[in-house]
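The structure under discussion appears below in the form of structure tokens.
The structure displayed is predicted, hence computed values, not measured ones.
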Amino acid sequence: MSENQTGGAGAAGSGAAAVTTAPEGQGRIPTALLKLVQRPVTNREGKVVEERKGEPKLRSIKADEVLSWKEYSDRVVVVTTDGQKFVGAKESR
């Protein structure tokens, strides 16, 4: 088994093992982390829908859209099945 499959490198001290039974990036992402990451809403032509002047309308990413994810101390990075990468900031404590 590689380190990624066993949760070896980078897992110590991150606290991620207590959140989910699968190593980070594999299996399901915890709902609390998924709510931190948002993507712009697009219309049928693929253009971003604007909510206010220049600000895109955002929606949360769905669990079935997640290809891979990684939790850091200050942020969560999610790669979607369509190849886009999104970052959600955690609240500072």
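- Atom NZ of K85 has 12 or fewer heavy atoms from other residues, nucleotides or ligands within 6.0 Å.
- Cluster partners of L58, using a side-chain heavy-atom cutoff of under 4.5 Å among ILVMFWY residues and allowing indirect links: none.
- Each of V37, I29, T80, I61 was evaluated against W69; a single residue qualifies, I29, per the side chain to side chain contact (heavy atoms under 4.5 Å, CB included) test.
- Distance check: E65 CD to L34 CG gives 8.5 Å after rounding to the nearest 0.5 Å.
- If you take CG on L67 and CD on Q84, they are separated by 12.5 Å, rounding to the nearest 0.5 Å.
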(Q) Pair E50, K57 - check side chain to side chain contact (heavy atoms under 4.5 Å, CB included), show working. (A) CA-CA 5 Å; E50 292 185 3; K57 186 174 182 180; over 6 Å; no
Q.
I'd like to know whether V49 forms a side chain to side chain contact (heavy atoms under 4.5 Å, CB included) with K47, so could you lay out the CA-CA distance, the side-chain angles of the two residues, the decisive distance to 0.1 Å, and finally the verdict.
A. CA-CA 6 Å; V49 177; K47 295 183 180 180; over 6 Å; no
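- In this structure, the side chain to side chain contact (heavy atoms under 4.5 Å, CB included) partners of D64, at least two apart in sequence or on a different chain, are K62.
- The CG atom of L33 sits 4.5 Å away from the CD atom of E71 when rounded to the nearest 0.5 Å.
- Of the possible donor and acceptor atoms, none in the side chain of K70 sits under 3.5 Å from a partner among the backbone N and O of V79.
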**Q.** Criterion side chain to side chain contact (heavy atoms under 4.5 Å, CB included) on V87 and R75, from CA distance to verdict
**A.** CA-CA 7 Å; V87 179; R75 67 193 184 282; 3.9 Å; yes
(Q) Let's go through R39 and V78 carefully: what are the C-alpha distance in whole Å and the side-chain angles of both, what is the deciding distance for side chain to side chain contact (heavy atoms under 4.5 Å, CB included) to 0.1 Å, and is it a yes or a no? (A) CA-CA 11 Å; R39 72 182 313 158; V78 173; over 6 Å; no
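- Using a 4.0 Å cut-off between charged side-chain N and carboxylate O, E91 and K35 make no salt bridge.
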